[in-house]
Number of protein chains: 2
Amino acid sequence: MNLPSTVEAIVAGIKPVDRTWIEKARERTTQLVMPPRALGRLHGFSERCCGIQRTLTPVLDNKAVVVMAGDHGIATEGVSAFPQEVTGAMVRTFLAGGAGINAIARHAGAKVWVVDMGIIPAIDPRKVTGGHLFKISKMGSGTASLAWGPAMPRETAERAVVTGFTHAAELFQAGVDLLGTGDMGIGNTTPSAAIGTVLADCSLDDMTGRGTGIDDDALVNKRALIAKGLEINRPDPRDGLDVLAKVGGFEIGGIAGLALAGAYFGKPVVVDGFISTAGALIAQSLCSTVTDYLFAGHQSEEPGHRLMLKRLGLTPILDLGLRLGEGTGGTLAMTILDSAVHMFKEVMTFAEAGVSEKTQ
Amino acid sequence: MNLPSTVEAIVAGIKPVDRTWIEKARERTTQLVMPPRALGRLHGFSERCCGIQRTLTPVLDNKAVVVMAGDHGIATEGVSAFPQEVTGAMVRTFLAGGAGINAIARHAGAKVWVVDMGIIPAIDPRKVTGGHLFKISKMGSGTASLAWGPAMPRETAERAVVTGFTHAAELFQAGVDLLGTGDMGIGNTTPSAAIGTVLADCSLDDMTGRGTGIDDDALVNKRALIAKGLEINRPDPRDGLDVLAKVGGFEIGGIAGLALAGAYFGKPVVVDGFISTAGALIAQSLCSTVTDYLFAGHQSEEPGHRLMLKRLGLTPILDLGLRLGEGTGGTLAMTILDSAVHMFKEVMTFAEAGVSEKTQ
């Protein structure tokens, strides 16, 4: 199968979800041996999966989460509670199986696929032990600081999106049914807040929070840097690649590519928290149909996340106060989606169970 | 091991959760390679499990949900959208593996244990195929209508609680680590609303909702019947067995026994929705310490559920608009609790991962 090599070609291959499958699925739900839609949002989850996979027997067995990692020029300007070298150290922790996403993904039965989209250190994939999946797709050695000019050239932004698409394509072609998005990159709530401000059309102050836990002074500095970056760069809200190039990040572009791939291949994608949702906003601006294929894994503690999800038109599955990223919230939500699909396929109808329907 | 045979003896065997284990667990959480408490409520879940199981290596692998079934005299007085025979028909559906709880429990890896606490039909456990666990502990052939006098004698109420305890004891002694509560009983939102009104100390109107989906006229009737039952029976809010006997149900007493057993054996119990939470309120009124051992699986759509959970001091894990009962919401939440415990045990410390702690 020839894969598209430009964003334009990817978008040309995306079709809306087939509403007739959703209608057929809703009809089956009315027959399940329970009061009407008594399992609440689980019904909507299973019906959307029917629409996405164009079937009445959706399958989410084979799960994977892609953790996109990248460094950020702005990380050295006091926007994070952690030093920049933590990006690479955490990538090594993923590859050693010791981070939050590893534990949660193991429990969810999801494989973890880590991509170096442009972190500063060079980690040799041949030295990774334990069979972990690690891919090198460096777009650069960290982005430039968005406060002083574009974070990356436009061509690099497009390459980041296409690269994310290509990784997801490999997974879908290998049989993955349900993909989660994840991120690692010290400083990356800053580009994400910049993207959210532009694409969710809301105020910079509402969109910008404390990330990993900065204090009041650092928050003022972070907002000022984003304001300066938006002023200098003037990203065009109608042009997702322009926004990504000017105030984005390599891993955020990769995540946008994952989202587009779900839509292209007809597979559901569970979006994680603030950074992943910034990636989903880039994908939406490139192709509005993409949101048909997305689930919002959880409501992040980062305050702007709610505004991003509103722009995407997605309601989060979980709300557990998470603010880690790495794909943890999305992967945790996979078990809920998979349970909904099993429920849809396995619960008997009133007729099969020989139970009276509502009569009183 | 000799099991207690009275509520008094059960309560005498319950100790508070050991705070020192929770403190030790909180200390470990600070060392995990992530920003402080970045996985939000997952940390509290895992730390509470450490306190409950008195260990830093809690285990929730072996899961079971007990579905307590009973019929209700008041069910023939127009309080439900479904006819009374649906209770027995749904018990048969559980035993055939075809209900919502079966599908969700299979996916969660939880065994389903169904108890006839007093349904009207006699289902012969020897005729149950497929290896499903079915126990007969009939307290009667349905309760009496709470609108006209006590639902059951006080001795029966105590026997229902002790019976629930005994079933849970058998499961815990067989190695179950995490127990879920479930219910089946047409009409049982009515006794549950009555219990909630008395024990959560709030208005009958706030506590009483549409259950499986009754219309406005039926809701007026339901509220009037509960008001009449409370007026005639005058249940004593300081005496849980009096409340259970006068306005309760056999399966609700059984659920109270499950909750007490978790506290007695030092095992976490996940409470399902409105009916299960009424059972938990009975347990709390018998022994306030019991709430240390309980998790609220989800926020039900039944409006009074929020008020019940407030009285218990529990915050629900999930909020997905469920209103089915059967143990579905609690069992769905088990995967979140288990994931939290795996995370707690498996994530490396900063030192193990060689990652810098917060420094900027």
Side-chain angles (χ1 to χ4, degrees), chain A residues 32-36 38-42 78 80-83 85-86 89-90 92-93 96-100 102-104 106-108 211-214 218 301 317-326 328 332 335-336 338-339 342-348 352-360, chain B residues 32-36 38-42 78 80-83 85-86 89-90 92-93 96-100 102-104 106-108 211-214 218 301 317-326 328 332 335-336 338-339 342-348 352-360:
Chain A
L32 300 178
V33 63
M34 60 182 68
L39 284 173
R41 294 185 60 204
L42 297 195
S80 176
F82 287 84
E85 60 263 30
V86 167
M90 284 307 302
R92 289 189 176 89
T93 307
N102 300 101
I104 288 173
R106 265 193 299 273
H107 186 256
T212 49
I214 52 174
E301 275 292 278
I317 297 171
L318 300 172
D319 185 1
L320 294 168
L322 314 181
R323 53 184 183 83
L324 178 58
E326 303 180 357
T328 48
L332 201 58
T335 60
I336 304 290
D338 198 12
S339 190
H342 278 269
M343 178 277 294
F344 177 82
K345 292 189 291 187
E346 295 171 18
V347 171
M348 289 176 178
E352 285 165 352
V355 174
S356 317
E357 292 194 54
K358 187 166 171 175
T359 59
Q360 288 195 336
Chain B
L32 300 179
V33 63
M34 59 182 68
L39 284 173
R41 293 185 61 204
L42 296 195
S80 174
F82 286 85
E85 61 262 28
V86 167
M90 284 307 303
R92 290 191 174 88
T93 307
N102 301 101
I104 288 172
R106 264 193 300 272
H107 186 256
T212 48
I214 53 173
E301 274 293 277
I317 298 171
L318 300 173
D319 185 0
L320 294 169
L322 314 183
R323 53 182 184 84
L324 177 58
E326 302 180 359
T328 47
L332 201 59
T335 59
I336 305 291
D338 198 13
S339 190
H342 278 269
M343 178 278 293
F344 178 81
K345 293 188 291 187
E346 296 172 18
V347 172
M348 289 177 178
E352 286 164 352
V355 174
S356 318
E357 293 195 53
K358 188 168 171 171
T359 58
Q360 286 195 339

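What you see is a predicted model, and the numbers here were worked out from it, not measured in a lab. Below, chains carry the letters A, B, ... as their sequence lines are ordered, and counting in each starts from 1. Computation of the quantities below employed the complete heavy-atom set of this structure, encompassing side-chain atoms and omitting hydrogens, waters and symmetry-equivalent molecules.
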So, for Pro36(B) and Thr212(A), which heavy atoms are closest and what is the spacing to 0.1 Å? CD-O, 4.4 Å
Comparing Leu320(B), Leu332(B), Val33(B) against chain A, the one with the most heavy-atom pairs below 4.5 Å turns out to be Leu320(B)
Looking at Gly321(B), Ala218(B), Pro35(B), which makes the most heavy-atom pairs under 4.5 Å with chain A? Pro35(B)
Contact between Leu42(B) and Thr328(A) at the side-chain level, heavy atoms closer than 4.5 Å - yes or no? no
Greatest number of heavy atom pairs closer than 4.5 Å to chain B - which of Lys345(A), Glu326(A), Met90(A): Met90(A)
Taking atom CD of Glu346(B) and atom CD1 of Ile104(A), what is their separation to the nearest 0.5 Å? 10.0 Å
Looking only at non-hydrogen atoms, find the nearest pair between Leu39(A) and Leu322(B) and report the distance. O-CD2, 3.0 Å
Heavy-atom distance under 4.5 Å to chain A: side chain of Ala99(B), backbone, both or neither? backbone
Options Met343(A), Arg41(A), Glu85(A), Glu301(A), ranked by heavy-atom pairs under 4.5 Å with chain B, top entry: Arg41(A)
So do Leu318(A) and Ile336(B) actually touch side chain to side chain, heavy atoms under 4.5 Å? yes
Less than 4.5 Å apart, side chain to side chain, heavy atoms only: is that true for Arg106(B) and His342(A)? no
Counting heavy-atom pairs under 4.5 angstrom with chain B, the leader among Gly211(A), Gly98(A), Gly40(A) is Gly98(A)
Once you round to the nearest 0.5 Å, how far does OG1 of Thr93(A) lie from CE of Met34(B)? 10.5 Å
So what's closer than 4.5 Å to chain A heavy atoms on Ser339(B): side chain, backbone, both or neither? both
I'd like to check Asp338(A) versus His107(B) (side-chain heavy atoms, cut-off strictly below 4.5 Å). Are they in contact? yes
Kindly give the heavy-atom pair with the smallest separation between Gly354(A) and Ala89(B), and that separation in Å. O-CB, 4.4 Å
If I measure from the heavy atoms of chain B, does Glu352(A) come under 4.5 Å with its side chain, its backbone, both, or neither? neither
